[in-house]
Each structure stands twice: as structure tokens, then as C-alpha cells.
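Each remark here refers to the structure printed beneath this line.
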There are 2 protein chains.
Amino acid sequence: MKIGELANATATNVETVRYYEKISLLAPPARSASNYRSYSNEHLARLSFIRRARDLGFALEAVRELLTLSDDTGQSCEAVDQIASAHLAEVERKIDDLSALRSELTRVIGSCRHGTIADCKIIESLASTPQLKGAAQ
Amino acid sequence: MKIGELANATATNVETVRYYEKISLLAPPARSASNYRSYSNEHLARLSFIRRARDLGFALEAVRELLTLSDDTGQSCEAVDQIASAHLAEVERKIDDLSALRSELTRVIGSCRHGTIADCKIIESLASTPQLKGAAQ
DNA sequence: TCTACACCCTGTAGCAACTACAGGGTCAAG
DNA sequence: CTTGACCCTGTAGTTGCTACAGGGTGTAGA
């Protein structure tokens with residue numbers, strides 16, 4: 001399988017596939033006489049795994065660990081569970097952060113009276129010196 | 001005001017202040033005899049504005065626009081409203097994406113039976129070849 | 001046979017928004 | 001007079017790609 005086919009089969013950019021090889025996430029494949037990369041089904045499975053993990057938001061280093069773990073079929077899956085749970089916690093933290101952001105943005109935008117910049121509440125709330133910042137730390 | 005004091009007053013890293021100057025987000029301040037940066041209250045207000053906008057998740061380019069707009073006090077604040085609303089929409093999109101991720105992660109993790117890697121449902125669901133991927137495009 | 005075109009190769013630079021050095025200079029206190 | 005906290009410049013690193021530049025290869029049609 002040539003790189004374009006592999007990329008197509010996994011909805012990945014060709015450049016990304018080469019990038020994964022470069023950072024040793026995907027093993028270097030055999031080469032054709034004309035130096036084209038030639039991938040096996042093993043590579044396809046591996047890249048599919050990577051893509052799916054990436055779609056779930058795992059960082060590349062987490063994906064690397066998950067790949068290593070997945071090869072060690074006899075071991076307990078505790079480590080896998082821990083990586084996934086840590087990631088879930090991180091996702092939840094981000095959701096909370098963004099939700100707080102949304103509230104604040106909604107509030108600020110809602111206060112806009114659509115007049116001139118001079119009395120724009122949005123600008124005003126950005127310009128206000130944060131008095132509590134130091135205390136909040 | 002020296003850079004450390006300014007940084008402290010705005011809960012910013014010293015390096016970040018210099019970075020903002022480098023990308024022309026913050027005007028270069030006067031210099032002391034020993035070449036130390038010497039900031040005015042104008043700079044303090046400007047940097048506070050930047051920090052507050054950054055805390056609200058605005059990209060640096062958006063902050064740049066907001067700063068320019070904030071100087072044009074006579075103009076309508078429509079443009080400000082639009083930048084803020086676009087950002088809010090983006091935040092909401094991210095929340096939706098992360099919520100979908102959370103559901104999926106929760107589902108996958110919940111299926112874990114805490115056995116060996118060989119029958120780990122998490123690894124399994126990552127390894128499964130995405131059949132619908134092509135069709136979904 | 002020529003030539004267009006799609007595909008492949010390597011290597012490097014760019015994106016966002018900082019952060020972290022390395023390798024220096026300055027200044028006030030003890 | 002030395003210690004330590006601060007300041008300076010400039011460059012490289014972070015994450016996860018993406019986008020060239022400048023080439024080579026393979027195949028199909030005129």
C-alpha cells in the first residue's frame with residue numbers, strides 16, 4: 001500500500017503519516033525500488049488506532065503509551081484505564097473552564113447597548129483594571 | 001515602573017510582556033539609563049486590557065483588533081460586538097465538541113472490565129477499524 | 001515518443017502563544 | 001566587595017501538524 005492509499009484509508013494527511021514516522025509513532029515501512037513507502041496491513045491497523053485515539057483527544061504521548069500497552073496483551077489493563085480516566089478528567093476540566101467563559105462572554109455581550117465605542121460595555125469591561133486579581137491569587 | 005512590577009501588577013510573566021512588545025501588541029516603553037524598560041500607567045492599562053481579553057479566551061489577533069477599536073471612541077461598537085459574538089460562538093462549538101468527547105470517553109471507560117490488555121474494551125474500541133469513516137465523509 | 005499530470009521523496013519553515021534557557025549587565029543591601 | 005534579585009538580548013523549545021521548495025516516478029493520452 002502506498003502512502004496515499006494508507007492516508008486515504010485512515011482519513012489522514014500524507015504529511016501527517018510521514019510526521020508520525022518521523023516521531024517514531026509509526027514504524028518505517030518497506031520501500032519500493034523507487035523509494036516509495038510500502039505499507040502493510042499491520043501499519044494500517046496501527047495508524048487506525050492512532051487516528052481513533054487522536055479523535056478521542058488523546059495527546060500523541062498518550063497515544064504512544066496506549067500503543068505500547070496494547071502490545072502487552074498479558075498485562076493488566078489498569079494503566080490503560082488510568083490514561084483514559086486522566087484524559088477524561090482533563091476534558092471535563094476544559095468543559096468547566098469553557099462553560100465559565102461562556103457565561104462571562106454572554107454576560108458581557110448582553111450588556112452591549114449598540115452605541116459608540118465610548119460607552120461600549122464590552123470595551124469597558126475589558127478596560128476595567130482588575131482589582132481583585134492580586135487578591136484572587 | 002520596571003517590567004517586573006508591571007508583570008506583577010497584571011499577573012503576567014516578564015517574558016510574556018517582552019513577547020507582547022516584540023509582536024507590537026504593547027508599545028515599546030521608555031528606557032532607563034541602564035537600558036531597563038520603564039512603563040507608564042498607559043502601559044499598565046493597555047496590558048490589563050490585553051490580559052483581561054486573553055482571560056476571556058480572545059486570540060491575540062482579536063485582542064489587537066479590540067485594542068484598535070477601543071481607541072476609536074467615536075465609532076459604533078458594532079465591530080466589537082461582532083468579534084465578541086464570533087468568539088462566543090467558537091467557545092460554544094468547543095464546548096459541544098468536548099461534550100461529545102466526554103460522552104464517548106465515559107462510554108469507553110465504562111466498558112472496562114479491569115482484566116488483561118487482551119480483553120480490554122478500551123484498547124479494543126481503539127483498535128477497531130473504523131468501518132464508517134469513509135462513508136461518513 | 002513526448003508530455004502532462006498525479007503521485008512520491010527529502011528537508012525546512014511556519015502556525016499560536018508563550019516558556020525556557022544561555023550568557024551576559026545592574027543595583028541595593030549587608 | 002560580594003551576594004542575590006532583578007534586568008537585558010537572542011534563540012530554541014513546546015504541540016501537532018501543515019505548507020512549501022525543489023526535486024523524482026509512473027502512467028495515460030496525443
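All values reported here derive from a predicted model rather than from experimental measurement.
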**Study point:** Residue met sooner reading DNA chain D from 5', once A:Y19 and A:K2 are mapped to nucleotides
**Key:** A:Y19
**Study point:** Length of the line joining B:Y36:OH and C:dT26:C1', which is rounded to integer Å
**Key:** 4 Å
Exercise for review: Can you see which heavy atom on A:P29 is nearest to which on A:Y39, and at what distance?
Suggested key: CG-CE2, 3.4 Å
Exercise for review: Taking heavy atoms of chain A and a 4.0 Å limit, find me the 5'-most and 3'-most nucleotide of DNA chain D within that range.
Suggested key: D:dG16 to D:dG26
Exercise for review: Starting from P on C:dC8, measure out to CG on A:L6 and report it in whole angstrom.
Suggested key: 10 Å
**Study point:** Sidechain-backbone polar pair: A:R52 side chain, B:S125 backbone, donor-acceptor under 3.5 Å
**Key:** yes
Review point. Contact class for B:R18 (heavy atom, under 4.0 Å): base, sugar-phosphate, or nothing?
Key: base
Check your understanding: Hey, what do you get for CZ (A:R31) to OG (A:S38), rounding to the nearest 0.5 Å?
Key -> 10.0 Å
Study note, to complete from the structure: In whole angstroms, the gap separating C1' of C:dC18 from CG of B:L26 amounts to 15 Å
Check your understanding: Does A:R102 reach the main-chain N or O of A:T106 with its side chain, forming a donor-acceptor pair under 3.5 Å?
Key -> no
Practice item. Could you check whether B:I23 gets within reach of a base, just the sugar-phosphate, or nothing at all, counting any heavy atom under 4.0 Å? Key: nothing
Practice item. Please determine if a side-chain N or O atom of B:S34 lies less than 4.0 Å away from the OP1 or OP2 oxygen of C:dC27. Key: yes
Practice item. Specify the separation, in whole Å, of atom CD of A:E15 and atom C1' of C:dG14. Key: 14 Å
Review point. Which whole-number value in Å describes the distance from B:D55 CG to C:dC18 P?
Key: 10 Å
Review point. In whole Å, what is the span from the CD1 atom of A:I3 to the C1' atom of C:dA6?
Key: 15 Å
Check your understanding: How close or far is atom P of C:dT19 from atom CD of B:E21, stated in whole angstroms?
Key -> 17 Å
Review point. Counting only heavy atoms not in A:E5, do more than 12 sit closer than 6.0 Å to its CD atom?
Key: yes
Exercise for review: Please work out if B:F58 contacts a base, only the sugar-phosphate, or nothing of the nucleic acid, heavy-atom cut-off 4.0 Å.
Suggested key: nothing
Review point. Charged N to carboxylate O below 4.0 Å: is that the case for A:D71 and A:R46?
Key: yes
Review point. Hey, does A:H43 have a side-chain heavy atom less than 4.5 Å from the side chain of A:M1?
Key: no
Revision key, fill the gap. Rounded to whole Å, the CG-P distance (B:L60 to C:dT19) equals 11 Å
Exercise for review: Could you check B:N13 against A:V14 and say which one's nearest nucleotide on DNA chain C is further toward the 5' end?
Suggested key: A:V14
